[in-house]
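In what follows, a structure is listed as structure tokens, so that the remarks can point back to it.
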Amino acid sequence: MNHIIDIKISKYRSNGAKIFTGRDNGIKAREELNLNGIDEEAVCVRIIVPRDTWGINPSFFGGMFEGSIKKFGRNFLDKYCFCYVNGESLSESLFKDVQDDINYVIENIKVEG
């Protein structure tokens, strides 16, 4: 997987909000971004998170990434990485939030393979 796709998710956060919320909003993002199709491609995906983000709610995260986590399981982070603009690493607390969201989804779904 040499090719990298950058996906900015800022539009899926309510105006003025610092947290991504809502399962329906996450599902909408997944559909609009064609993550089902991207999951089938030999690419890495950088999810670009706005720098002023405080958190990503498990309901939003699950709506957006449940299908991908079902497909990749614990290897989800081999395909998807989360960062700020220019590939800058997320803050420690936001990265922990993402890891917690992944664990939450894995614990609450049946992972294929």
Side-chain angles (χ1 to χ4, degrees):
M1 283 194 257
N2 294 337
H3 188 68
I4 298 172
I5 296 174
D6 286 344
I7 296 178
K8 295 180 181 178
I9 62 170
S10 56
K11 81 178 234 178
Y12 301 104
R13 191 174 70 175
S14 299
N15 286 341
K18 304 293 184 197
I19 299 172
F20 288 88
T21 61
R23 182 167 183 81
D24 290 343
N25 201 26
I27 291 169
K28 175 184 173 188
R30 181 171 187 81
E31 290 171 356
E32 287 183 3
L33 296 168
N34 187 31
L35 295 188
N36 287 335
I38 289 172
D39 282 349
E40 300 303 319
E41 297 177 27
V43 297
C44 290
V45 183
R46 279 194 300 207
I47 302 297
I48 309 298
V49 180
R51 178 161 270 304
D52 64 348
T53 300
W54 293 349
I56 303 172
N57 185 281
S59 61
F60 174 86
F61 194 91
M64 187 166 179
F65 296 111
E66 183 177 294
S68 301
I69 293 171
K70 280 182 178 179
K71 181 172 179 60
F72 300 110
R74 296 256 175 223
N75 295 322
F76 170 77
L77 289 176
D78 292 340
K79 173 121 179 141
Y80 288 88
C81 72
F82 295 78
C83 59
Y84 297 124
V85 176
N86 300 325
E88 189 179 351
S89 296
L90 297 180
S91 68
E92 187 176 324
S93 64
L94 189 53
F95 183 71
K96 183 181 181 320
D97 202 26
V98 168
Q99 289 180 311
D100 290 347
D101 289 345
I102 293 167
N103 290 333
Y104 177 84
V105 172
I106 287 173
E107 290 168 7
N108 289 286
I109 63 169
K110 183 177 188 286
V111 178
E112 299 169 6

Quiz item: Can Phe82 and Leu77 be said to form a side chain to side chain contact (heavy atoms under 4.5 Å, CB included), step by step?
Solution: CA-CA 9 Å; Phe82 295 78; Leu77 289 176; 4.1 Å; yes

Practice problem: Walk me through it: do Thr53 and Phe20 pass the test side chain to side chain contact (heavy atoms under 4.5 Å, CB included)? | Solution: CA-CA 8 Å; Thr53 300; Phe20 288 88; 3.7 Å; yes

Quiz prompt | Asn34 side chain vs Gly37 backbone, donor-acceptor pair below 3.5 Å | solution = yes

Exercise. Say whether, by atom type as modelled, one donor and one acceptor occur between the side chain of Asn86 and the main chain of Glu88 under 3.5 angstrom.
Key: no

Quiz item: With a cut-off of 6.0 Å (strictly less than), are more than 12 heavy atoms of other residues, nucleotides or ligands near OH of Tyr84?
Solution: yes

Self-check item: Within 6.0 Å of CD in Glu92, more than 12 heavy atoms from elsewhere
Solution: no

[X] versus [Y], closest heavy-atom pair with distance:
| X | Y | answer |
| --- | --- | --- |
| Arg30 | Phe65 | NH1-CA, 4.0 Å |
| Arg23 | Gly62 | NH1-C, 3.4 Å |
| Ile102 | Ile69 | CA-CD1, 4.3 Å |

From [X] [atom1] over to [Y] [atom2], what is the distance, rounded to the nearest 0.5 angstrom?
| X | Y | atom1 | atom2 | value |
| --- | --- | --- | --- | --- |
| Asp101 | Lys96 | CG | NZ | 10.0 Å |
| Lys11 | Ile9 | NZ | CD1 | 12.0 Å |
| Ile47 | Leu35 | CD1 | CG | 6.5 Å |
| Leu33 | Lys28 | CG | NZ | 10.5 Å |
| Arg51 | Leu90 | CZ | CG | 9.0 Å |
| Arg13 | Asn25 | CZ | CG | 11.5 Å |

Do [X] and [Y] share a hydrophobic cluster (ILVMFWY, side-chain heavy atoms under 4.5 Å, transitive)?
| X | Y | result |
| --- | --- | --- |
| Ile19 | Leu94 | no |
| Ile38 | Val105 | yes |
| Val85 | Trp54 | no |

Self-check item: side-chain contact (heavy atoms from CB on, under 4.5 Å) involving Ser10 - partner list, sequence neighbours excluded
Solution: Pro50

Practice problem: Please list, chain by chain and in numerical order, all residues satisfying side-chain contact (heavy atoms from CB on, under 4.5 Å) with Cys81, sequence neighbours excluded. | Solution: Arg46

Quiz item: Should the pair Phe76 and Phe61 be assigned to parallel (<30°), tilted (30 to 60°) or perpendicular (>60°) ring geometry?
Solution: perpendicular

Exercise. Examine the side chains of Asp39 and Tyr80 and answer whether a donor and an acceptor come within less than 3.5 Å of each other.
Key: yes

Quiz item: So, do Tyr12 and Met64 sit near enough that their side-chain heavy atoms are less than 4.5 Å apart?
Solution: no

Exercise. State whether Glu40 and Lys71 are salt-bridged, where the test is any N-O pair (Lys NZ or Arg NE/NH1/NH2 against Asp/Glu carboxylate O) under 4.0 Å.
Key: yes

Quiz prompt | From CA spacing to verdict: side chain to side chain contact (heavy atoms under 4.5 Å, CB included), Val49, Lys8 | solution = CA-CA 6 Å; Val49 180; Lys8 295 180 181 178; over 6 Å; no

